[in-house]
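Dumping the structure here so I can ask a few things about it.
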Amino acid sequence: MAKQEARSNLPPLDLYVPEPKFRPGDDADFSDIVIPAAGETRRPDIADDHHTMRDLSYGLVRVLDGEGKAVGPWDPRLDAETLRKMLRAMALTRAYDQRMFRAQRQGKTSFYMKCLGEEAVAVAAAFALDRDDMCFPSYRQQGILIARDWPLLDMMNQVYSNKQDRLKGRQLPIMYSAKEGGFFSISGNLATQYPQAVGWAMASAAKGDTRIAATWCGEGSTAEGDFHSACIFASVYKAPVILNVVNNQWAISSFSGFAGGEATTFAARAVGYGIAGLRIDGNDALAVHAATQWAAERARTNQGPTIIEHFTYRTEGHSTSDDPSQYRSANEATDWPLGDPIARLKQHLVGLGEWDEERHAAMDLECAEQVKVATKQAEKFGILGHGLHQPLETMFEDVFAQMPWHLREQQAEMLAEYEVAKAKAKQGEA
Amino acid sequence: MAKQEARSNLPPLDLYVPEPKFRPGDDADFSDIVIPAAGETRRPDIADDHHTMRDLSYGLVRVLDGEGKAVGPWDPRLDAETLRKMLRAMALTRAYDQRMFRAQRQGKTSFYMKCLGEEAVAVAAAFALDRDDMCFPSYRQQGILIARDWPLLDMMNQVYSNKQDRLKGRQLPIMYSAKEGGFFSISGNLATQYPQAVGWAMASAAKGDTRIAATWCGEGSTAEGDFHSACIFASVYKAPVILNVVNNQWAISSFSGFAGGEATTFAARAVGYGIAGLRIDGNDALAVHAATQWAAERARTNQGPTIIEHFTYRTEGHSTSDDPSQYRSANEATDWPLGDPIARLKQHLVGLGEWDEERHAAMDLECAEQVKVATKQAEKFGILGHGLHQPLETMFEDVFAQMPWHLREQQAEMLAEYEVAKAKAKQGEA
Amino acid sequence: MAQMNMIQAINSAMDVAMERDENVCVFGEDVGFYGGVFRATAGLQKKYGKRRAFDTPINEGGIIGVAVGMAAYGLKPVAEIQFADYIYPGLDQLVSEAARLRYRSAGEFTAPIVVRSPFGGGIFGGQTHSQSPESMFTHVSGIKTVIPSTPYDAKGLLIAAIEDPDPVVFFEPKRIYNGPFDGRYQEIVQPWSRHPASEVPEGHYVIPLGKAATVREGSDVTVLCYGTMVHVALGVVEREGYDAEVIDLRTLLPLDIEAIVASVKKTGRCLILHEATKTSGFGAELSALVQEHCFHHLEAPIVRVTGYDTPYPHSLEWAYFPGPIRLGEALKRVMED
Amino acid sequence: MAQMNMIQAINSAMDVAMERDENVCVFGEDVGFYGGVFRATAGLQKKYGKRRAFDTPINEGGIIGVAVGMAAYGLKPVAEIQFADYIYPGLDQLVSEAARLRYRSAGEFTAPIVVRSPFGGGIFGGQTHSQSPESMFTHVSGIKTVIPSTPYDAKGLLIAAIEDPDPVVFFEPKRIYNGPFDGRYQEIVQPWSRHPASEVPEGHYVIPLGKAATVREGSDVTVLCYGTMVHVALGVVEREGYDAEVIDLRTLLPLDIEAIVASVKKTGRCLILHEATKTSGFGAELSALVQEHCFHHLEAPIVRVTGYDTPYPHSLEWAYFPGPIRLGEALKRVMED
Ligand SMILES: Cc1ncc(C[n+]2csc(CCOP(=O)(O)OP(=O)(O)O)c2C)c(N)n1
Ligand SMILES: Cc1ncc(C[n+]2csc(CCOP(=O)(O)OP(=O)(O)O)c2C)c(N)n1
Ligand SMILES: [Mg+2]
Ligand SMILES: [Mg+2]
């Protein structure tokens with residue numbers, strides 16, 4: 001064994017605790033973020049061995065350049081109609097978010113979470129997937145539903161936990177579930193959807209199906225054990241799944257350094273598992289589309305999983321319960337160097353001559369109107385806390401396929417209690 | 001969204017399930033394993049950025065060449081005395097294992113696990129660490145205790161759960177605990193020691209101590225969520241810890257492919273976390289020593305954690321409960337291309353003129369004798385199942401620091417029961 | 001009919017289920033090629049191929065998480081956790097996901113998985129190969145918990161569990177895999193072949209979940225038990241000549257409350273026997289239910305005979321195990337009270 | 001003395017403990033710079049530095065696993081799990097490691113960690129921000145489980161927990177962080193400042209673990225409760241004029257059995273109230289113990305009033321919550337029986 005004495009010369013150890021570069025009061029300056037030029041990152045053939053593409057985990061796939069031109073090998077060459085649809089889905093997502101956020105502030109529901117600034121991550125991916133590919137999202141991919149033309153009204157009913165809420169008021173707002181929309185029931189527990197997506201993909205592969213799975217989680221959530229489980233199983237069984245990491249820099253008040261973001265990229269996790277990895281500009285809808293399409297093709301041809309790190313920024317607070325001014329610099333959102341995904345796609349379409357300011361303004365109005373109409377309808381079915389929208393007895397349904405005796409007993413007890421409450425209330429009135 | 005029709009042209013998905021190259025009856029042929037020449041892998045400066053050493057996760061640090069000569073930059077240049085001590089600790093570990101395995105077969109205890117063929121992994125590492133560095137081992141690093149001159153008798157007492165067992169017969173054989181030996185209590189639950197080692201190292205760093213931690217787990221265990229937890233925390237806080245992965249190719253009946261070993265190396269996990277990673281010849285004691293020393297220096301100088309993959313082979317069954325002939329080729333063990341760690345270190349010492357066959361034979365005899373003497377002593381204190389070695393009331397101690405009423409009550413109940421049992425036994429005799 | 005020990009019966013259950021429904025698949029650590037460390041899945045990979053019977057990474061959370069995803073797709077996954085002691089890393093996927101999926105999606109998605117796991121002590125497995133964590137699962141709304149005590153029951157219950165639309169945790173008392181151990185550890189254990197419940201139909205049959213079995217009728221005291229403890233109870237009752245009614249719960253949740261209440265109302269006394277630690281063990285729930293339903297019929301306090309509130313100690317295994325002496329003393333007490 | 005709400009009292013407990021013992025450190029998700037999503041650790045990083053109060057990766061298993069290692073080194077880690085609903089990924093490190101370390105190493109290594117976590121419902125948190133998993137921990141030998149009901153108790157119990165040599169799970173009833181909510185959700189909740197237990201010493205004091213508080217003396221019925229439910233119980237008892245003895249357990253394990261038994265023997269009736277789901281909730285253990293110890297004194301069946309055996313439903317939160325009406329009806333029943 002090494003001699004004990006040798007040690008006394010050593011300086012003491014020190015515990016390193018990461019610290020974001022900017023805190024409230026600081027002037028955030030992102031000039032040290034390395035942003036490769038659009039078109040610079042190579043696009044390997046989907047049949048290439050993942051070992052030959054480790055560099056992609058450290059690059060940044062970008063298609064839209066500073067002028068909004070689509071450049072380089074990752075340009076998905078979408079037709080203008082598709083581009084406009086994508087743009088509209090992003091705009092509608094934003095309008096929806098804005099309205100629902102306000103609804104929470106107005107006391108119409110308990111909670112809401114926006115995806116402001118990250119709309120491309122969900123919307124462009126949905127456009128690159130097939131409608132029946134199964135998505136296992138986190139709470140910040142409402143854009144998938146909107147891209148898949150899921151009725152806003154249905155989403156709002158969930159947010160309001162109202163009479164028409166298909167989930168019977170059981171879930172926190174925004175924890176949607178839409179099987180017909182290929183959208184898995186959202187969990188409150190971070191990253192649990194990751195191994196589930198892998199399991200779904202494994203099942204699809206085992207059955208000789210052609211549908212693949214895609215899943216999303218935040219960069220903060222990659223620290224969870226479930227992320228590891230998913231990557232190991234995906235790697236071992238070459239599951240046809242796309243593992244999206246939405247690196248929006250923050251996890252509530254903790255910056256990405258607390259998920260390991262100082263040491264390397266999140267796409268590099270892929271390298272560790274022997275999985276194909278891509279790091280992409282998450283605010284570039286074309287890059288998101290192209291990367292998703294590439295990964296989907298790999299999955300569909302039995303080449304296995306891909307991890308995609310979407311480099312983006314959480315422009316708003318974590319949720320309606322959060323106040324980001326407490327822990328981060330005020331100008332981060334505005335100074336984010338990768339811009340706004342809607343503005344960038346708009347610029348691209350305008351550059352192509354397929355779009356203009358008037359049409360954009362009209363679209364925005366249209367989206368606002370669509371949201372307004374849906375809101376009105378939804379509010380007719382009730383808002384949270386104003387009246388009992390779910391029959392009480394439904395509380396005991398769906399715990400099991402068939403209600404066992406103990407739940408039937410409790411159900412009866414609760415209904416009896418309710419009668420007492422009503423009687424008491426009457427007494428009170430009288 | 002991509003057109004639905006496009007999909008029908010696709011071939012069906014298929015689920016890939018790994019399969020080891022050889023099964024019982026096959027003639028295992030390891031010629032496709034890439035084994036870089038000894039001395040070939042470079043040795044970066046410990047202060048180098050981990051990003052500049054990703055290649056080391058795909059190499060194989062080897063010091064001893066085919067003739068037993070120490071070559072290349074990783075040669076730890078140990079003096080002959082140290083080499084002989086290391087050799088002896090390995091030989092003693094092997095002799096100990098052999099005897100205890102037999103003891104289990106003789107019904108003297110319930111269970112045993114050998115580390116045959118992997119002795120260098122634990123022993124050479126222990127020689128490169130300081131005596132007060134804390135080790136968080138799995139069940140296959142008994143070599144650490146032996147390298148640290150821990151009394152065999154004490155270890156045997158544990159294996160026999162006898163009167164002198166410091167762990168009061170509470171633990172499965174081989175689940176040692178030896179605080180004074182810098183050897184953390186072994187858990188039956190795989191990989192739980194990993195985040196604990198990181199926590200210990202973080203504590204040491206937070207206190208400005210100079211002691212570091214080292215931990216070991218099998219390649220199969222790297223699939224556990226705790227492995228991920230450990231790596232994330234180690235990476236984020238640059239914890240002074242060495243994370244050893246003992247890739248002995250098998251996890252009970254499952255080959256390393258079920259832990260992701262087909263897709264990449266286990267050292268490559270380090271790349272994914274932005275941690276320094278080394279892949280080394282685990283049957284080369286000098287490589288193990290050198291790599292451990294290098295990682296320890298990095299840790300001690302606040303450069304953070306290192307993952308070391310020890311490429312080795314589990315020569316025996318998983319444990320006394322296992323029969324490897326059921327699932328793997330019979331000649332794997334003998335044909336393992338990296339040889340036997342003891343034979344290789346012996347050859348090296350002989351080549352240096354510091355050792356010879358006679359001394360080796362004498363050492364083997366000495367080790368056997370040492371084990372025999374300890375066994376005799378230990379068996380005097382009892383063997384499992386033959387007599388009650390622990391006072392019954394001890395069962396309730398150490399659940400809490402102070403025994404609460406319910407345990408006192410249960411303790412009294414059990415003692416009363418024992419009286420009844422004795423009375424009944426007497427009746428039976430009478 | 002064939003003669004089967006418990007492992008064979010469990011194996012046969014999976015075989016039958018896989019034969020009948022191509023969506024049934026089995027997986028877990030060492031489950032595929034080798035057929036499981038207890039050989040419960042032996043032969044299934046050979047018969048049904050690697051896509052339906054396979055080894056997994058050592059990651060219990062992943063095993064259960066992947067099972068949930070597979071079930072959401074439409075498969076019927078039967079996952080093995082090698083020892084119940086190792087189920088904790090997978091608990092979140094069971095509690096927060098499998099158990100909640102139907103409810104939170106209002107029936108849109110479901111997770112009809114079966115998680116099989118050997119549990120209980122008596123094999124000198126030490127504290128990490130002996131635990132009985134069943135009560136935790138009974139506390140989780142949305143999970144069914146099943147524990148067989150004979151080969152016949154094991155097969156019928158496991159097939160029922162696989163066919164059940166809800167997630168089921170199926171704990172297998174490993175101590176009685178090979179024979180109906182009655183707690184007398186000094187004696188040689190009889191093999192299952194001497195026991196009538198080792199006569200097992202080769203084909204398909206189910207024992208409905210939620211139904212207990214009165215394995216011995218009696219009028220003086222009701223003994224509630226499951227798994228290995230059924231044999232311990234029967235042994236003591238027979239040897240010491242108590243006129244006890246012994247109820248094998250078979251399913252802890254949903255519980256067969258009717259059978260329990262009817263029996264206790266008849267006998268007026270109740271003893272609860274399990275191997276799990278006492279505090280907040282399932283015996284607590286049983287005791288609470290019995291006194292809630294039978295308060296005015298109880299002639300003596302309900303007694304719990306259980307594992308002690310300590311880890312399962314390796315060398316003091318038999319002092320820990322709630323065996324015949326402890327049960328005999330407790331029976332005496334409950335009868336005298 | 002200072003006036004504190006429950007969050008402030010909890011914050012003060014950590015502050016005092018960190019001040020007195022430099023080995024005490026606090027960490028968890030959002031715990032460091034921001035001071036926790038409920039602000040329980042606000043100011044501690046500023047005061048004690050990043051090495052003693054820091055943010056962590058989002059990995060509950062890692063948080064607890066790392067805490068175990070730190071404790072083995074000699075620190076006194078106080079880890080926060082952001083919501084009790086998220087404790088399951090860390091359960092294995094708690095159950096298999098923290099709880100077992102002293103026992104399996106025969107005292108050589110210990111894990112005196114404290115795991116703090118807000119629990120319980122009533123804040124429209126839906127099924128993943130409302131759970132009450134305490135009974136699971138009481139089933140695990142080697143863990144203490146503590147639940148305060150007032151600022152004064154919270155501080156004294158938390159300091160005791162931090163100074164305790166064993167691992168402690170400390171569940172904080174988040175519904176009463178700001179005021180002693182009595183279950184009447186239609187009414188405005190009074191702030192803690194109107195409650196005498198908001199008078200909290202600024203310095204060090206402990207409330208010993210394992211000691212219950214009789215928060216109201218009475219002779220007709222004993223009400224056993226903890227956390228938020230203490231205030232629900234007191235409210236109903238006062239309003240409906242029952243001469244009930246209300247016992248705030250404060251520590252579930254080790255339990256203050258003496259206080260419980262003495263009270264039930266006096267009153268002859270017992271009602272147990274908790275928010276957790278009923279089956280195998282801690283009420284089951286309480287019921288079993290009470291009938292074991294007080295069988296001959298009981299004049300009526302022990303009644304459990306608990307959360308229903310379903311997940312905590314977002315919009316039907318108040319129908320789920322075992323509030324005043326349910327308690328009132330149950331009290332009536334237990335008194336009439
Ligand atoms: C298992 C679990 N732990 C903790 C939380 C609390 N929590 C909710 S969101 C969140 C931050 C997640 O950050 P990230 O993954 O980066 O996603 P983002 O919110 O940025 O989209 C935390 C800690 C949770 N929901 N589940
Ligand atoms: C959490 C947990 N899951 C499963 C097991 C059962 N088990 C014990 S050893 C083992 C294989 C471990 O293989 P590996 O990590 O490669 O270590 P090796 O035995 O090869 O040294 C398994 C599955 C366990 N002990 N703990
Ligand atoms: Mg984030
Ligand atoms: Mg191995």
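Order of the sequence lines sets the chain letters (A, B, ...), proteins ahead of strands, with each chain counted from 1. As the structure is a computational prediction, the values presented were derived from the model and not from experiment.
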task: Answer yes if the ring centres of B:F136 and B:F184 are under 6.0 angstrom apart, and no otherwise.
output: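 Yes, they do, as the ring centres are separated by less than 6.0 Å.
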query: In terms of heavy-atom proximity below 4.5 Å to chain C, should B:P18 be classed as side chain, backbone, both, or neither?
result: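 Interface part for B:P18: backbone (N, CA, C, O).
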- prompt: Do any pairs count as a ring pair (Phe, Tyr, Trp, His ring centres under 6.0 Å) and have a residue in residues 386-405 of chain B, sequence neighbours left out, and if so which ones?
  reply: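 Sorted pair list: B:F396-C:Y308.
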field: Side chain / backbone / both / neither for B:L15 at chain C, heavy atoms under 4.5 Å
entry: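 Both parts, backbone and side chain.
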query: When only heavy atoms count and the cut-off is under 4.5 Å, which of residues 312-337 of chain C reach chain B?
result: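 Answer by number: C:Y312, C:P313, C:H314, C:S315, C:L316, C:A319, C:Y320, C:I325, C:R326, C:E329.
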task: Using non-hydrogen atoms and a 4.5 Å limit, figure out which bit of B:L388 sits close to chain C: side chain, backbone, both or neither.
output: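 Contact with chain C involves the side chain of B:L388 alone.
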Which atoms of B:L392 approach chain C - backbone, side chain, both or neither, heavy atom under 4.5 Å: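 Contact with chain C is through both the backbone and side chain of B:L392.
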message: Please tell me whether C:F38 and C:F83 form a close aromatic pair, meaning their ring centres lie under 6.0 Å apart.
response: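 For C:F38 and C:F83, the ring centres are under 6.0 Å apart.
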task: Only pairs at least two apart or in different chains count here, so list each side-chain hydrogen bond (donor to acceptor under 3.5 Å, both in side chains) that has a residue in residues 250-260 of chain B.
output: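 Pairs touching residues 250-260 of chain B that pass the test: B:W250-B:E332, B:S253-C:D30, B:S254-C:D30.
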query: What part of B:F111 gets closer than 4.5 Å to chain C, counting heavy atoms only: side chain, backbone, both or neither?
result: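 Contact with chain C is absent: no heavy atom of B:F111 under 4.5 Å.
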- prompt: Around C:E22, counting heavy atoms of other residues, nucleotides and ligands shown, do more than 12 lie under 6.0 Å from its CD?
  reply: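 No, because the 6.0 Å sphere around CD of C:E22 holds 12 heavy atoms or fewer from other groups.
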- request: Could you tell me whether C:R51 sits above the aromatic face of B:Y16, with NZ or CZ closer than 6.0 angstrom to the six-membered ring centre and within 45 degrees of the axis?
  value: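 Here C:R51 fails the 6.0 Å and 45° test against B:Y16.
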- request: Check whether B:L407 gets within reach of chain C through its side chain, its backbone, both or neither, counting any heavy atom under 4.5 Å.
  value: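 The side chain, not the backbone.
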Part of residues 54-65 of chain C lying next to chain B, heavy-atom separation under 4.5 Å: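 Residues in range: C:F54, C:D55, C:T56, C:P57, C:I58, C:N59, C:E60.
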query: Which bit of C:Q186 comes within less than 4.5 Å of chain B, counting heavy atoms only: side chain, backbone, both or neither?
result: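 Neither; nothing under 4.5 Å.
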- request: Check each atom of B:P24 against the heavy atoms of chain C and say whether the ones under 4.5 Å are side chain, backbone, both or neither.
  value: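 For B:P24, side-chain heavy atoms alone lie under 4.5 Å from chain C.
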query: Any side-chain heavy atom of C:L44 within less than 4.5 Å of one from C:F27?
result: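 No - every pair of side-chain heavy atoms lies 4.5 Å or more apart.
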